[in-house]
S.K.: 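Here's a structure for you.
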Amino acid sequence: MIETLAISGYRSLRNLVLPLGRLNLVTGANGTGKSSLYRALRLLGDAALNTVVSSLAREGGLPSTLWAGPETIARSVRKGEFPVQGTPRQKAVSLKLGFAGNPYSYCIDLGYPPPAQTAFPLDPAIKRECIWHGGVYRRGAVLVDRINRLVQLAPAKNDEPVILTKELSSTDSMLATIADPQRAQEMLAVRESIRGWRFYEGFRTDTASPVRIPQIGTFTPVLSNEGADLPAALETIRMFGDREALERTVDDAFPGSRIEIEAQAGRFEVQLQQHGLLRPLAAAELSDGTLRFLLWTAALLTPRPPELMVLNEPETSLHPDLLPALARLIAVASERTQLVVVSHAQLLIEALEQNSVCRRLHLEKSFGETTLAGATLFNTPKWEWPAR
């Protein structure tokens with residue numbers, strides 16, 4: 001489980017360190033950085049897939065994602081005695097992402113490529129990557145270290161470091177590029193863990209959505225990001241997962257209703273038999289909110305739970321009456337996987353906070369910088385970034 005999440009230099013997240021638990025609820029007013037936190041987590045997940053460069057390109061390149069404020073904000077500025085002004089930069093430009101977990105922790109540091117050495121100046125260059133043991137970075141705990149193009153293993157006692165490569169491309173993550181299960185088991189463990197993370201947001205439920213059309217039915221233990229394989233995912237839960245939990249969830253949200261999967265010529269279609277109707281309603285007939293709730297059900301009751309699942313505004317298009325049922329579904333899922341839920345629906349927030357394991361992370365913004373409400377020097381997890 002991730003115990004600490006650290007982000008530095010990404011949009012409004014100038015230097016944010018968050019403690020995480022089993023169920024984490026991220027809240028805050030519009031513009032406080034909730035979406036930036038979600039995207040930063042996705043970028044961290046992209047490191048294991050080697051898609052950090054393309055992900056940042058979709059956001060306009062590295063310059064458009066960097067912290068846009070001054071390098072430091074003086075106390076006199078915060079008191080309102082002087083206006084915010086830029087000062088000469090003392091440190092290298094960087095975007096840093098990292099987490100501390102058990103047993104391994106990881107971080108990645110991205111910056112500009114060397115001048116005049118690339119035809120793609122907006123692409124980030126990976127300057128540093130580290131995997132270490134324990135919650136706080138220290139040189140003695142480093143297991144795998146990457147400095148620019150050099151990747152090496154920590155030396156055993158009185159031995160020299162084991163060099164894995166000296167020619168790693170500045171745009172390639174060591175997690176996705178180097179495979180050495182004999183000498184670098186830690187790297188394999190961290191990579192597979194991050195690759196299993198799942199991110200869900202903005203399911204399409206319009207009239208032209210693939211979710212409303214029968215799809216080829218295959219064994220689907222993991223709902224896809226767009227949710228087009230919903231019928232197959234629900235049927236997989238019914239056959240190989242927690243069928244009773246699925247039936248309870250549907251009845252909780254839609255009393256007296258049950259899920260049916262219609263199969264014709266190998267194509268599956270989800271149907272909902274509702275109380276009082278003579279026939280089940282096909283996906284094309286269901287409301288956006290009903291279909292979206294079924295999508296969240298398939299995602300959260302997965303027979304193959306990941307180590308981390310991140311939900312971005314799951315309340316979208318749901319009637320307020322469905323939010324308590326959604327909160328109970330999220331609580332059930334948190335027993336098997338670590339969850340980060342980004343929300344601004346007060347009813348969902350109140351329902352989730354009734355769960356004893358729920359940790360609320362309320363974000364605020366001061367001078368353009370996202371901060372955690374109530375964070376002090378004494379309750380903020382200790383975090384150190386490896387130097388370049």
Side-chain angles (χ1 to χ4, degrees), residues 2-10 17 40-41 43-56 62 91-118 120 123-197 307 381-388:
I2 296 177
E3 299 172 348
T4 305
L5 175 67
I7 306 164
S8 175
Y10 181 74
V17 179
L41 263 170
L43 282 176
L44 190 53
D46 288 340
L49 301 174
N50 215 26
T51 56
V52 170
V53 172
S54 58
S55 297
L56 287 174
L62 183 63
K91 300 179 181 179
V93 174
S94 65
L95 190 165
K96 302 175 185 177
L97 308 165
F99 68 85
N102 185 15
Y104 303 125
S105 303
Y106 168 79
C107 75
I108 183 171
D109 181 356
L110 303 113
Y112 286 119
Q117 293 188 20
T118 178
F120 308 99
D123 285 352
I126 300 176
K127 304 292 187 178
R128 191 78 188 265
E129 280 183 283
C130 279
I131 297 174
W132 66 92
H133 186 275
V136 180
Y137 168 82
R138 52 188 178 84
R139 292 186 62 182
V142 172
L143 301 170
V144 187
D145 199 3
R146 184 254 183 93
I147 303 176
N148 295 316
R149 306 181 71 177
L150 171 68
V151 181
Q152 60 186 2
L153 301 178
K157 188 176 182 180
N158 300 323
D159 289 339
E160 293 295 323
V162 177
I163 296 176
L164 297 177
T165 181
K166 295 181 179 180
E167 300 297 330
L168 184 61
S169 171
S170 63
T171 59
D172 290 334
S173 166
M174 69 178 188
L175 290 181
T177 307
I178 298 176
D180 195 334
Q182 292 186 336
R183 295 186 298 175
Q185 301 95 332
E186 303 87 357
M187 194 177 331
L188 179 63
V190 172
R191 178 177 66 200
E192 294 308 306
S193 174
I194 298 178
R195 282 183 175 179
W197 294 359
E307 293 189 16
K382 186 176 180 181
W383 182 268
E384 297 288 342
W385 293 105
R388 287 189 181 177

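In this chain, numbering begins with 1 at the start of the sequence shown. Predicted, not measured: the structure shown is a model, and the values here were computed from it.
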S.K.: Hey, what do you get for CG (L43) to CG (L110), rounding to the nearest 0.5 Å?
M.R.: 8.5 Å

S.K.: Does any part of the side chain of W385, heavy atoms only, come nearer than 4.5 Å to the side chain of D109, both counted from C-beta?
M.R.: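 The answer is no; the side chains never approach within 4.5 Å.
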
S.K.: Is there a side-chain contact (heavy atoms from CB on, under 4.5 Å) between Y137 and C107? Walk through the geometry before answering.
M.R.: CA-CA 10 Å; Y137 168 82; C107 75; over 6 Å; no

S.K.: Before you tell me yes or no, could you show the steps for L164 and M174 under side-chain contact (heavy atoms from CB on, under 4.5 Å), namely the whole-Å CA-CA distance, both residues' side-chain angles and the distance that decides it to 0.1 Å?
M.R.: CA-CA 10 Å; L164 297 177; M174 69 178 188; over 6 Å; no

S.K.: On a heavy-atom basis, which atom in N50 and which in A176 lie closest, and how many Å separate them?
M.R.: CB-CB, 3.4 Å

S.K.: Looking at every heavy atom in both T4 and P381, which two are closest together, and how far apart are they?
M.R.: OG1-CB, 3.6 Å

S.K.: Can a donor-acceptor pair be found, under 3.5 Å and without considering hydrogens, that links the side chain of K127 to the backbone of S170?
M.R.: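 Side chain of K127 to backbone of S170, a donor-acceptor pair under 3.5 Å: no, none is there.
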
S.K.: Under 4.5 Å between any side-chain heavy atoms of L44 and I194, yes or no?
M.R.: no

S.K.: Dump the intermediate steps for side-chain contact (heavy atoms from CB on, under 4.5 Å) on Q185 and L188, then the final yes or no.
M.R.: CA-CA 5 Å; Q185 301 95 332; L188 179 63; 5.6 Å; no

S.K.: Listing request: all side-chain hydrogen bond (donor to acceptor under 3.5 Å, both in side chains) pairs with a residue in residues 145-155, at least two apart in sequence or in separate chains.
M.R.: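 Of all non-adjacent pairs touching residues 145-155, those that pass side-chain hydrogen bond (donor to acceptor under 3.5 Å, both in side chains) are R128-D145, E129-R146, R149-E167.
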
S.K.: How far does CG of L49 sit from CG of L175, to the nearest 0.5 angstrom?
M.R.: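 These two atoms lie 10.0 Å from each other.
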
S.K.: Find the distance between CD1 (I2) and OG (S193) and round it off to the nearest 0.5 Å.
M.R.: 7.0 Å

S.K.: How far apart are the closest heavy atoms of L153 and A184, and which atoms are they?
M.R.: CD2-CB, 3.9 Å

S.K.: So, for A100 and G135, which heavy atoms are closest and what is the spacing to 0.1 Å?
M.R.: CB-O, 3.3 Å

S.K.: How would you list, by chain and number, every residue that makes a side-chain contact (heavy atoms from CB on, under 4.5 Å) with A47, sequence neighbours excluded?
M.R.: V52, Y106, I108, S173

S.K.: Identify the two heavy atoms, one from R388 and one from S94, that lie closest to each other, and give their separation to 0.1 Å.
M.R.: NH2-CB, 2.9 Å

S.K.: Hey, could you give me the CH2/CZ distance between W383 and F99, rounded to the nearest 0.5 Å?
M.R.: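 One gets 8.0 Å once the value is rounded to the nearest 0.5 Å.
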
S.K.: Tell me the closest heavy-atom pair linking A48 and R195, and the distance in Å.
M.R.: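 So the minimum-distance heavy-atom pair works out to O-NE, 2.9 Å.
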
S.K.: Please list, chain by chain and in numerical order, all residues satisfying side-chain hydrogen bond (donor to acceptor under 3.5 Å, both in side chains) with S8, sequence neighbours excluded.
M.R.: none

S.K.: For side-chain contact (heavy atoms from CB on, under 4.5 Å), just list the numbers for M187 and I131, CA-CA rounded to whole Å, side-chain angles, deciding distance to a tenth of an Å, and then say yes or no.
M.R.: CA-CA 7 Å; M187 194 177 331; I131 297 174; 4.1 Å; yes

S.K.: Answer yes or no: is there a side-chain heavy-atom contact under 4.5 Å between D172 and I126?
M.R.: no

S.K.: Could you measure the distance from the CG atom of L95 to the CG atom of L62? Nearest 0.5 Å is fine.
M.R.: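 So the CG of L95 and the CG of L62 are separated by 6.5 Å.
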
